[in-house]
Amino acid sequence: MTEIKNEKLTVTHPNGSYPIFIGRQLLANVSEMAQIDGPFVVVTDDTVGPLHADKVKGATAVIQVPTGERFKTLDTIRTIYDELFENGLDRKGTLVALGGGVVGDMVGFAAATFMRGIDFVQCPTTVLSMVDASVGGKTGVDMPQGKNLVGAFKQPTAVFADMDSLKTLPQVEISSGFAEIVKHGLINDPDLFQSFEADSWQLALDNPSTIIDTLQTIIARAIQVKIDVVQEDPYEKGRRATLNYGHTFGHAIEQVTQFEVRHGEGVAMGMVAAANMSARLGYCDETLQGRIEAVLEKVNLPTRIPAHLDPELLYEVMHKDKKTAVGKVRFILIRDVGDVFLQGGVPDTAVFESIRAVQG
Ligand code: GLY
């Protein structure tokens with residue numbers, strides 16, 4: 001079977017545009033394809049670095065940070081700055097983020113602030129970061145008060161979604177990424193969601209090497225949803241908030257479990273809870289929750305919030321989430337596949353009832 005061709009999508013933002021390359025063997029050509037004309041430093045983590053950093057040719061240095069959301073902090077940013085100074089990077093330098101969403105968010109923030117701002121390139125190596133985190137310019141770190149509470153909008157100069165990096169990705173991480181793909185179907189691509197319902201992708205998630213072409217097709221489609229949303233609303237004044245469908249519950253679940261629950265897993269549980277709440281409030285048919293659960297199960301994602309998590313604690317964490325406006329938690333609710341919306345003033349009783357309804 002012939003491999004499908006590399007693709008190039010374009011994101012337009014208020015200050016310009018950048019390409020997203022999706023395909024095979026891209027990492028070897030990052031410097032040339034991103035038209036980097038000064039020194040560049042690759043920043044990665046200690047999981048991805050040993051697997052893929054040597055594929056990016058011509059770097060002045062490779063900086064490795066510890067792996068995991070626990071390290072997405074200002075302390076880690078400080079260590080990145082220190083190493084950039086040690087390697088003599090100046091304003092003409094470029095940072096290349098190589099890794100998942102945690103690395104991309106931190107490197108983007110370091111690039112936004114180092115020397116008051118230098119260029120950066122995103123090389124997402126997970127499904128999750130390819131379809132969501134690497135596109136749209138949100139960067140930042142977590143704080144003890146909550147996720148992503150300190151950051152900046154900083155657009156990359158190019159994004160490279162190299163399918164070959166998915167070959168080494170554990171199955172749980174592939175599944176975790178599918179939470180965002182399913183979410184993008186629910187937000188703005190009903191055909192994509194329905195194709196999962198029809199099982200036409202025939203995913204073999206436990207062996208990503210065998211389905212790289214299929215993954216590329218799905219990922220490109222999910223990226224296009226993200227592009228359409230961030231182009232319309234780059235600074236999250238309105239529609240972009242819908243990308244947080246499932247995230248208000250999901251972030252809280254991640255945090256109260258100290259990130260034992262992966263981001264995609266939390267989002268999957270959160271999408272089920274948000275559908276439950278939408279039906280409870282009369283916005284959607286009760287069957288929608290079951291449809292979402294069925295698709296999530298197909299890609300090996302959890303659909304129940306662990307029973308031992310205290311709803312009061314989840315609620316408290318949600319209140320600290322950045323999506324709180326004037327003290328009220330706002331939720332992204334769903335009317336139907338392809339029709340999600342931001343809603344404030346949701347009664348606390350509905351929040352608690354929905355959490356309890358989907359615990360198990
Ligand atoms: N991940 C949500 C956003 O980029 O807005």
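First listed ligand is number 1; within each ligand, the first listed atom is number 1.
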Validate the cation-pi geometry between Arg70 and Phe259: distance from NZ or CZ to the six-membered ring centre under 6.0 Å, angle to the ring axis within 45°. no
Pairing of Lys183 and Asp132 as salt bridge, 4.0 angstrom limit: yes
Would you call Lys72 and Glu69 a salt bridge, using N to O less than 4.0 angstrom? yes
So the ring pair (Phe, Tyr, Trp, His ring centres under 6.0 Å) pairs with at least one residue in residues 154-177 (sequence neighbours excluded) are Phe21-Phe160
Pairwise side-chain hydrogen bond (donor to acceptor under 3.5 Å, both in side chains) hits with a residue in residues 78-102, at least two apart: Tyr81-Thr113
Counting only non-hydrogen atoms and a 4.0 Å cut-off, the residues near ligand 1 are Asp132, Lys138, Lys226, Glu236, Arg240, Leu243
Test of understanding: with side chain to side chain contact (heavy atoms under 4.5 Å, CB included), list the residues that count as partners of Lys57, not counting sequence neighbours. none
